Student: 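Have a look at the structure that comes next, please.
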Amino acid sequence: DLAMGKREYLEDLRVLTGKKTILLGNHDRRGPRTYFDLGFRVIKKGFTAPYKGWTILFVHNPAQVPRLYPKQIVCHGHIHEKNTEDPRYINFSVEQTDYKPVWLPDVLDAKIEELSK
């Protein structure tokens, strides 16, 4: 839900440096070209990626994950200030990150350490 789709907020994101990727959410109603023009790599659907022997699922809505298997972590947004009870879920909504970008490897490393205890 990047800037809740409001154009004036989206323009502010143009100044962010580094690699920017958006996994489109339910409030990202502008066409993918809008986000691409702001410097974002646009992903329309959830995906998985391997990381240090774990499978990381990236989805917008955590309810999109019907079942988790061992050594899986879900990175999501959508529920904003709420959290799921399952510690294998990481809510990346800005309400959870103090409205600041976070370094994904740091967050994943900490979560893997927590889950490996």
Side-chain angles (χ1 to χ4, degrees):
D1 298 331
L2 189 63
M4 298 303 279
K6 294 184 179 180
R7 186 66 164 163
E8 62 272 20
Y9 298 148
L10 289 172
E11 286 297 328
D12 291 341
L13 299 172
R14 189 181 298 277
V15 301
L16 292 175
T17 59
K19 294 181 181 178
K20 301 179 283 189
T21 302
I22 179 173
L23 174 58
L24 296 177
N26 57 306
H27 291 285
D28 299 316
R29 295 185 180 114
R30 298 187 177 275
R33 183 71 191 189
T34 298
Y35 304 102
F36 179 79
D37 289 346
L38 292 168
F40 286 85
R41 178 176 150 219
V42 178
I43 300 174
K44 295 181 182 181
K45 294 185 178 184
F47 63 98
T48 63
Y51 184 77
K52 296 185 176 181
W54 291 71
T55 300
I56 312 302
L57 288 75
F58 294 88
V59 297
H60 175 66
N61 183 342
Q64 293 172 299
V65 180
R67 180 175 178 207
L68 273 180
Y69 296 93
K71 296 194 84 169
Q72 287 187 327
I73 294 171
V74 177
C75 297
H76 66 87
H78 186 65
I79 57 175
H80 303 278
E81 65 282 339
K82 300 174 192 164
N83 282 305
T84 63
E85 291 182 19
D86 191 323
R88 297 173 295 173
Y89 286 72
I90 304 171
N91 184 348
F92 279 96
S93 297
V94 295
E95 294 87 351
Q96 301 291 322
T97 67
D98 198 25
Y99 293 83
K100 297 175 184 168
V102 295
W103 184 244
L104 182 60
D106 289 348
V107 176
L108 290 176
D109 290 346
K111 181 56 74 173
I112 289 169
E113 183 177 337
E114 172 193 330
L115 294 172
S116 296
K117 292 180 180 179

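What you see is a predicted model, and the numbers here were worked out from it, not measured in a lab. In what follows, residues are counted from 1 in the order of the sequence shown.
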Student: Between atom CG of Leu23 and atom CZ of Arg41, what is the distance when rounded to the nearest 0.5 Å?
Tutor: 10.0 Å

Student: Does any N or O in the side chain of Asp28 come within less than 3.5 Å of the main-chain N or O of Gly25, such that one atom is a donor and the other an acceptor?
Tutor: yes

Student: Spell out, yes or no, whether Ile90 and Leu104 are grouped together once hydrophobic residues are joined by side-chain heavy atoms under 4.5 Å, including indirect joins.
Tutor: yes

Student: Less than 4.5 Å apart, side chain to side chain, heavy atoms only: is that true for Glu11 and Leu38?
Tutor: yes

Student: Is Phe47 reachable from Phe92 through a run of hydrophobic residues whose side-chain heavy atoms are each under 4.5 Å from the next?
Tutor: yes

Student: Compute whether any side-chain donor of one residue and acceptor of the other, for Thr84 and Asp86, lie under 3.5 angstrom apart.
Tutor: no

Student: Determine yes or no for a side-chain-to-main-chain donor-acceptor pair under 3.5 angstrom, with Thr34 supplying the side chain and Arg30 the backbone.
Tutor: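 Not a single qualifying donor-acceptor pair exists.
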
Student: Report whether Tyr89 and Leu57 are members of the same hydrophobic cluster (ILVMFWY, side-chain heavy atoms less than 4.5 Å apart, transitive linking).
Tutor: yes

Student: Hey, could you give me the SG/CG distance between Cys75 and Leu108, rounded to the nearest 0.5 Å?
Tutor: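 Reported value, rounded in 0.5 Å steps: 5.0 Å.
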
Student: Please give me the minimum heavy-atom distance between Pro87 and Glu114, naming the atom from each residue.
Tutor: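 Answer, listing the atom of Pro87 first, then Glu114: CB-OE2, 3.8 Å.
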
Student: Below 4.5 Å, heavy atoms only, C-beta onward: do Asn83 and Gln96 meet side chain to side chain?
Tutor: yes

Student: Inspect the contact between Arg14 and Asp37 and indicate whether a charged nitrogen and a carboxylate oxygen are less than 4.0 angstrom apart.
Tutor: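 No.
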
Student: Would you check if Ser93 and Glu81 make a side-chain contact, meaning some heavy-atom pair closer than 4.5 Å?
Tutor: no

Student: Rounded to the nearest 0.5 Å, what's the gap from CD1 on Ile22 to NZ on Lys44? Could you check?
Tutor: 12.0 Å

Student: Treat each ILVMFWY residue as a node, draw an edge where side-chain heavy atoms are under 4.5 Å apart, and state whether Trp54 and Val107 are in one component.
Tutor: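 Yes, one cluster joins them.
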
Student: To the nearest 0.5 Å, tell me how far Lys52 NZ sits from Asp109 CG.
Tutor: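 So the NZ of Lys52 and the CG of Asp109 are separated by 3.5 Å.
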
Student: Quick one: do Leu115 and Val102 end up in the same hydrophobic cluster if we chain Ile, Leu, Val, Met, Phe, Trp and Tyr together by side-chain heavy atoms under 4.5 Å apart?
Tutor: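 Same cluster: Leu115 reaches Val102 through Ile, Leu, Val, Met, Phe, Trp or Tyr contacts under 4.5 Å.
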
Student: Does the side chain of His60 come under 3.5 Å of the side chain of Asn26 through a donor N or O and an acceptor N or O?
Tutor: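 On atom types as modelled, these side chains qualify, holding a pair under 3.5 Å.
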
Student: To the nearest 0.5 Å, tell me how far Lys45 NZ sits from Gln64 CD.
Tutor: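 With rounding to 0.5 Å, NZ (Lys45) is 10.5 Å from CD (Gln64).
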
Student: Do Thr55 and Pro50 come close enough that some side-chain heavy atom pair is under 4.5 Å?
Tutor: no

Student: How far does CG of Leu13 sit from OH of Tyr35, to the nearest 0.5 angstrom?
Tutor: 10.0 Å

Student: Is there side-chain contact between Phe58 and Val74, with at least one heavy-atom pair below 4.5 Å?
Tutor: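 They are not in side-chain contact.
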
